[in-house]
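Below is one structure, written out as structure tokens; the observations come after it.
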Amino acid sequence: MYAFTYHRPETIRQAAGLLSRKEDAKLLAGGHTLLPTMKQRLASPGNVVDLGKVAEMKGIERKGRAVVIGAMTTHADVAGSPIVQEAIPGLAALAGNIGDPHVRNRGTIGGSVANNDPAADYPAACLAMGATIITNKRKIAADDFFQGMFDTALEEGEIITRISFPMPGKAAYMKFPNPASRYALVGVCVAKRGSEVRVAVTGAGASGVFRWAEAEAALAKRFSSKSLDGVKAKAAGLNADIHADAEYRAHLIGVMARRAVDAAVGK
Amino acid sequence: MAAVSMTVNGHSVTADIDPRTLLVQFIRDNQRLTGTHVGCDTSQCGACVVHVDGKAVKSCTLLALQCDGSNVTTIEGLAAGGVLHPMQEAFREHHGLQCGFCTPGMIMSAVDIVNRKGNNLDEHTIREELEGNICRCTGYHNIVKAVEAGAKAMAGSSMKRAAE
């Protein structure tokens, strides 16, 4: 790890000030991607702005028909939250299956979403549930936020402060984890809100998380895993690596989608 | 350099450290508590697990500065008055180790599992909860037995939780 100067702001305003003022500054949330990356010398920020003491970025609240989660809320806190468990059980279950217990005690929803790892779990939930990413500057719809592998709509000096999930009628996430890393080899989140059905796929796409339009159309007619019979994901544009080739990932997308629909309807 | 203060196994400690110092380096090199191990150094193997403010974390993937003001418990903080913690005793009794390298992390994780899930743990729960701890010797069989027995023993012990 290369040397850096460490900063510990206590408010979003202070953090934003440091981020824009200090040269080559990086935000540190849970640190479970940034620190390993810095150890490998793939990242070498001159200034690290630790958000760990920014109290206003933590916590979970129900606001009308939405659940609003502070960006610095850990995966363990989302998984164990009675509010999330009651309002969006599929989201609590997703958080409870990220990494391992120790990772869940440190990793945060804001860090995961800002990083937009192509195999991360949360981006699929944000996209399928039509979440709104709230920053210190604006509100961004999930559809506009995720812009490709490790790429988002965030601009210089912009900090995710909260993420708002409108409560779906039914939703679930299923993943086929890489047995070593627990990242999604393929993960599929399905969400039904009113007559709208959205299906988001993570882990598979060469450009990160994406919506699967054919499955959405089929499930909008009837929200049952049977509706996906004969609906096949295309292998073009999917990742191929030592863990799984594109054809296999395409197959897994169908399997995970059917399982997610079954879980969402309580089968 | 930057100043850091925290409580380690009940003792207040203060030091001037390079901001790059990981919590595990602070514990091992600065505090000379070498029971906490560095295995993979990539937050996968769990040999470095300690408790920070009562929660199990991988100390290789945390800056010491992130723990400023925190309460840290390492494997050395479990036994009290020369008597092993019930979970340590269970690992000894059930031979839940071979080389022992992963054992400190296993035991810190096991105590955390009991704190979260209670004293009656089934095999499935234990195996699932040990997802983040890797052992290359035992095949986990005796570790699982040790955690199950240690969890039960913790119910009747005055050392129910890690000494925080």
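Just so it is clear, the values below take in all heavy atoms, side chains as well, and ignore hydrogens, waters and symmetry mates. Numbers restart at 1 for each chain; the letters A, B, ... are given by sequence-line order, proteins then strands. As the structure is a computational prediction, the values presented were derived from the model and not from experiment.
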query = Is the ring centre of A/H243 less than 6.0 Å from the ring centre of A/Y248?
reply = no
ask   = Would you call B/R20 and B/D18 a salt bridge, taking side-chain N to carboxylate O under 4.0 Å as the test?
value = yes
message = Between the side chains of A/D100 and A/R182, is the shortest nitrogen-to-carboxylate-oxygen separation below 4.0 Å, so that they form an ion pair?
response = no
query = Salt bridge check: are B/R116 and B/D112 linked by an N-O gap of less than 4.0 Å?
reply = yes
Let me have the donor-acceptor pairs involving side chains of residues 138-145 of chain B, under 3.5 Å, with sequence neighbours excluded, atom names and distances please.
residue, atom, partner, partner atom, Å
B/T138, OG1, B/Y140, N, 2.8
B/Y140, OH, B/C135, N, 3.0
B/Y140, OH, B/C135, O, 3.4
B/Y140, OH, B/R136, NH2, 3.4
B/N142, ND2, B/H94, O, 3.3
B/N142, ND2, B/H95, O, 3.3

ask   = Who wins among B/E129, B/K58, B/Q44 for the most heavy-atom pairs under 4.5 Å with chain A?
value = B/K58
ask   = Among A/K39, A/R106, A/H32, which has the most heavy-atom pairs under 4.5 Å with chain B?
value = A/K39
request  = Under 4.5 Å, counting heavy-atom pairs only, tell me which of B/P19, B/G46, B/G69 racks up the most with chain A.
outcome  = B/P19
Step-by-step side-chain hydrogen bond (donor to acceptor under 3.5 Å, both in side chains) determination, B/T7 to B/N71 = CA-CA 5 Å; B/T7 304; B/N71 202 339; 4.8 Å; no
ask   = Are B/T125 and B/D122 linked by a side-chain donor-acceptor pair shorter than 3.5 Å?
value = yes
inquiry  = Non-hydrogen contacts under 4.5 angstrom with chain A: give the residues of residues 60-67 of chain B involved, or none if there are none.
reply    = B/C60, B/T61, B/L62, B/L63, B/L65, B/Q66
request  = Verify the distance criterion only: is there a donor paired with an acceptor across the side chains of A/S225 and A/D262 at less than 3.5 Å?
outcome  = yes
request  = Measure B/A2 against the heavy atoms of chain A and call it side chain, backbone, both or neither at under 4.5 Å.
outcome  = neither
request  = Using a cut-off of 6.0 Å, state whether more than 12 heavy atoms not belonging to A/K22 lie near its atom NZ.
outcome  = no
task = Measure B/V49 against the heavy atoms of chain A and call it side chain, backbone, both or neither at under 4.5 Å.
result = side chain
task = Counting only heavy atoms closer than 4.5 Å, note whether A/L34 contacts chain B via side chain, backbone, both or neither.
result = neither
remark   = Counting heavy-atom pairs under 4.5 Å with chain A, the top scorer among B/T42, B/D68, B/N133, B/L130 is B/D68
